[in-house]
There are 2 protein chains.
Amino acid sequence: MSDELMTIRQMCDAFDVTPRTLRFYEARELIFPQRRGQHRLYDRRDRARLTLILRGKRFGFSLEQIRQLLELYAPGSTNRTQIAATITVGEERLADMERQYAELSEAIADLRKQLSDAQIRLAAASHEQPTG
Amino acid sequence: MSDELMTIRQMCDAFDVTPRTLRFYEARELIFPQRRGQHRLYDRRDRARLTLILRGKRFGFSLEQIRQLLELYAPGSTNRTQIAATITVGEERLADMERQYAELSEAIADLRKQLSDAQIRLAAASHEQPTG
DNA sequence: CGTCTTGCTTACGTTCGCGTCAACTTGATC
DNA sequence: GATCAAGTTGACGCGAACGTAAGCAAGACG
């Protein structure tokens, strides 16, 4: 069961990203795969981080914002002010997400209404020529 | 009450965007202000569209996706296949948003947990040196 | 009349998040 | 030992979404 360590190719297949992407994230210090010689090896931690990265991206966060958030998920520092700072940015992101959550709820309701209106227009247009 | 028509400057102030942005959206056919001579004038319709554009952006949609969505909000075409196509893309966007909504809910719960864990670490670090 | 402000067009510059080579190493295989 | 696949490090390229700067028009104002 060597599902502990994965090569870059396995990672790419598993997460549907390209090698370039993984190296890019590493360059931006979002993940830190080990090296066996020259080759990168990704462990469970790296995979967890990548999951969070991709999730964060889907919410529209920048890689830098995500990097800061990842510190919250990593038991890295024991420095008091560091932890406090990390918490602060985490709370900001949380606020962002909560705002987005509320707005998304509205937007979905909105879009549903527009869709049903359009369905009506579609039905009304049924007796006209079917093409333009 | 000439709140019916607004200049580009008034729009920028109202929506916190730059003139460049408004002209850019126009070039991409997301808004269609009237012209008085050379000057652009924005009416209620334009403002509604801009609101939707900015909202869409916050959800991570591209301007092109937003442009397509806007057709749903504009009583533009009476062409049956056109309306049907518009509905289709609208449903796709809706699905996107619903997925995002669900995932966001998870992510928020997740982040809350990480934050509370971090608070605990912060408390635990209290008796150590307060700086590094 | 000059000039100030507001806006216009055109066009090149910039940042982010990668894509796409090129050239090299390295371990495996014929 | 030649080749081949998999991986590596640069370095440049690219599309999206604007920023920025140059140069022109046109009404307002002293």
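Here is how names work: the chains are called A, B, and so on, in the same order as the sequence lines, proteins then strands, and each is numbered from 1.
Contact annotation: the side chain of M97(B) approaches that of F61(B) to within less than 4.5 Å [non-hydrogen atoms, C-beta and beyond]. Residues R112(B) and E98(A) form a side-chain contact, since some pair of their non-hydrogen atoms from C-beta on lies under 4.5 Å apart. Between L111(A) and L69(B) there is a side-chain heavy-atom pair separated by less than 4.5 Å. You'll find the side chain of R40(B) reaches within 4.5 Å of the side chain of R23(B), heavy atoms only.
The side chain of K57(B) places an N or O atom within less than 4.0 Å of a non-bridging phosphate oxygen (OP1 or OP2) of dC18(D).
Mapping L63(B) and E26(A) onto DNA chain D by nearest heavy atom places E26(A) closer to the 5' end of the strand.
From the 5' end on, the contacts that DNA chain C makes with chain A at under 4.0 Å to a non-hydrogen atom open and close at dG17(C) to dT20(C).
Within the 3.5 Å criterion, the main-chain N or O of L122(A) finds a donor-acceptor partner in the side chain of R80(B). The backbone N or O of I31(A) sits nowhere less than 3.5 Å from a side-chain atom of R45(A) that would complete a donor-acceptor pair.
Residue F32(B) is not grouped with residue F24(B) when hydrophobic side chains (ILVMFWY) are merged at heavy-atom distances under 4.5 angstrom, including chains of intermediate members.
In this structure, CD of Q34(A) is placed 17 Å from C1' of dT8(D), rounded to the nearest angstrom. Atoms CZ (R40(A)) and P (dG7(D)) sit 11 Å apart, rounded to a whole Å.
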_One pair to check against side-chain contact (heavy atoms from CB on, under 4.5 Å): L50(A) and L22(A). What are the steps and the verdict?_
CA-CA 9 Å; L50(A) 183 53; L22(A) 291 178; 3.7 Å; yes
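The existence of a salt bridge linking D110(B) and K113(B) is excluded, since no basic side-chain nitrogen approaches an acidic carboxylate oxygen closer than 4.0 Å. A salt bridge is absent between R58(B) and E106(A): the closest approach of a Lys/Arg side-chain nitrogen to an acidic carboxylate oxygen does not fall below 4.0 angstrom.
Among all heavy-atom pairs drawn from L70(A) and L30(A), the shortest one is CD1-O, 3.6 Å.
DNA chain C is contacted by T18(A), R20(A), T21(A), F24(A), Y25(A) of residues 17-25 of chain A, taking any non-hydrogen atom closer than 4.0 Å.
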*Take nucleotides 22-29 of chain D nucleotide by nucleotide from the 5' end and write B, S or -, depending on whether a protein heavy atom sits under 4.0 Å from the base, only from the sugar-phosphate, or from neither.*
--------
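Note on R36(A): nothing from the nucleic acid sits closer than 4.0 angstrom, heavy atoms only.
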